There are 2 protein chains.
Amino acid sequence: MVTKQFTGSPDEADLRRADSLAREIFSDVANKWALLIIEALGERTLRFGELRNEIEGISHKMLTQNLRMLERNGLVERTVHPVVPPRVEYVLTEPGQALRVTIDGLCDWTHRYLGHIETSRHRFDG
Amino acid sequence: MVTKQFTGSPDEADLRRADSLAREIFSDVANKWALLIIEALGERTLRFGELRNEIEGISHKMLTQNLRMLERNGLVERTVHPVVPPRVEYVLTEPGQALRVTIDGLCDWTHRYLGHIETSRHRFDG
DNA sequence: CGGTATCCTTGTGGATACTG
DNA sequence: CAGTATCCACAAGGATACCG
């Protein structure tokens, strides 16, 4: 690393590219709706409307937008059944499932520390 | 649950309150800057300026704002040393450390699937 | 039913300047 | 050095309407 810091070598450039990509993925994934969608899917296959019902408070627009993003990153697979009315199903891919496991950890954490956090908030606000 | 669904009993109300609180915490924590701050802190104690240097691209405003939020939720502890120039140090609390562990999982996931995601994106965009 | 496009309101977040 | 406040540009996101 140090010996190459002024060379602008391909290796250095690759590292910087990988870093910025990682940061980008991080931003995509670390958002409320994306996490809730992945949690809602779990191991099931769900239709668009079912997801909309599962996730309280999500708008039509946010759901499509985030589903496209997740599909683009290869975390969900989208299947369109050519029938009327249209039937579109979503399911987590293997990378998506792996991500879900870490998100489960986040959910567990949230519920475990719910009490701590609530009292901390009251102390801070008062 | 079912037997109580029209009673508006305290139990039901408590559950709804806990749910909305959990959702709130989820929104607080599931944001790019909060996660990056927690990762940067790790097991170390860092000053405000050090954090600013660690986290590339974070603005003064976002850093203070997120640090206040994390402090309010009891995830970081803020220590002000009464000297001039002021010295303010931040360190993760026990709940904060526990959260960091799950975030580490997210980081691992990101790096493991970096390749998958990049190729998936190219396929999608083309 | 699911997707896209449009409008419009709100919020997010950067830049800057000033304080202890 | 760290925090707060103000201003402002722009992106996020809701509501609505229309298409396949």
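So you know, we letter chains A, B, ... as the sequences are listed, proteins then strands, and number each from 1. Just so it is clear, the structure is predicted and the values come from calculations on it, not from any experiment.
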(message) Do Met69(A) and Leu114(B) land in one hydrophobic cluster if side-chain heavy atoms of ILVMFWY residues count as linked below 4.5 Å?
(response) yes
(message) Going by salt bridge (charged side-chain N to carboxylate O under 4.0 Å, His left out), name the residues that satisfy it together with Glu50(A), two or more places apart in sequence or in a different chain.
(response) none
(request) Please name all residues satisfying side-chain contact (heavy atoms from CB on, under 4.5 Å) with Ser59(A), sequence neighbours left out, ordered by chain then number. (result) Lys61(A), Met62(A)
Contacts under 3.5 angstrom, residues 76-83 of chain B side chains, donor-acceptor by atom type, not counting sequence neighbours:
from: Arg78(B); atom 1: NE; to: Tyr90(B); atom 2: OH; distance (Å): 3.3
from: His81(B); atom 1: NE2; to: Glu89(B); atom 2: OE1; distance (Å): 3.0

(request) Using a cut-off of strictly less than 4.0 Å, decide whether Tyr90(A) has a side-chain nitrogen or oxygen near OP1 or OP2 of dG3(C). (result) yes
(message) Please list, in numerical order, the residues of residues 58-87 of chain A that have a heavy atom closer than 4.0 Å to any atom of DNA chain D.
(response) Ser59(A), Lys61(A), Met62(A), Pro86(A)
(request) Verify the distance criterion only: is there a donor paired with an acceptor across the side chains of Asn73(B) and Asp28(B) at less than 3.5 Å? (result) yes
(message) Please give the stem ranges for DNA chain C, sorted by first residue number, where a stem is three or more consecutive Watson-Crick or G-U pairs and both donor-acceptor distances are under 3.5 Å.
(response) C:2-20 with D:1-19
(request) Please list, chain by chain and in numerical order, all residues satisfying side-chain hydrogen bond (donor to acceptor under 3.5 Å, both in side chains) with Asp104(A), sequence neighbours excluded. (result) Arg100(A)
(request) Kindly compute the distance separating CD1 (Ile37(B)) from CZ (Arg52(B)), expressed to the nearest 0.5 Å. (result) 11.5 Å
(request) Would you please name every residue forming a side-chain contact (heavy atoms from CB on, under 4.5 Å) with Ala40(A), sequence neighbours left out? (result) Leu51(A), Glu54(A), Ile55(A)
(message) Within residues 44-53 of chain B, which residues have any heavy atom lying less than 4.0 Å from an atom of DNA chain C?
(response) none
(request) Dump the intermediate steps for side-chain contact (heavy atoms from CB on, under 4.5 Å) on Val91(A) and Leu41(A), then the final yes or no. (result) CA-CA 7 Å; Val91(A) 65; Leu41(A) 278 174; 5.8 Å; no
(request) Name all pairs fulfilling the ring-ring contact (aromatic ring centres under 6.0 Å, His included) condition that reach into residues 20-51 of chain A, sequence neighbours left out, sorted by first residue then second. (result) Phe48(A)-His60(A)
(message) Quick check for you: name the first and last nucleotides of DNA chain D, 5' to 3', having an atom under 4.0 Å from a heavy atom of chain A.
(response) dG13(D) to dG20(D)
(message) My understanding is that only residues two or more places apart in sequence, or in another chain, count here; which of them pass ring pair (Phe, Tyr, Trp, His ring centres under 6.0 Å) with His111(A)?
(response) none
(request) With sequence neighbours excluded, tell me which residues meet side-chain hydrogen bond (donor to acceptor under 3.5 Å, both in side chains) with Glu94(B). (result) Tyr113(A)
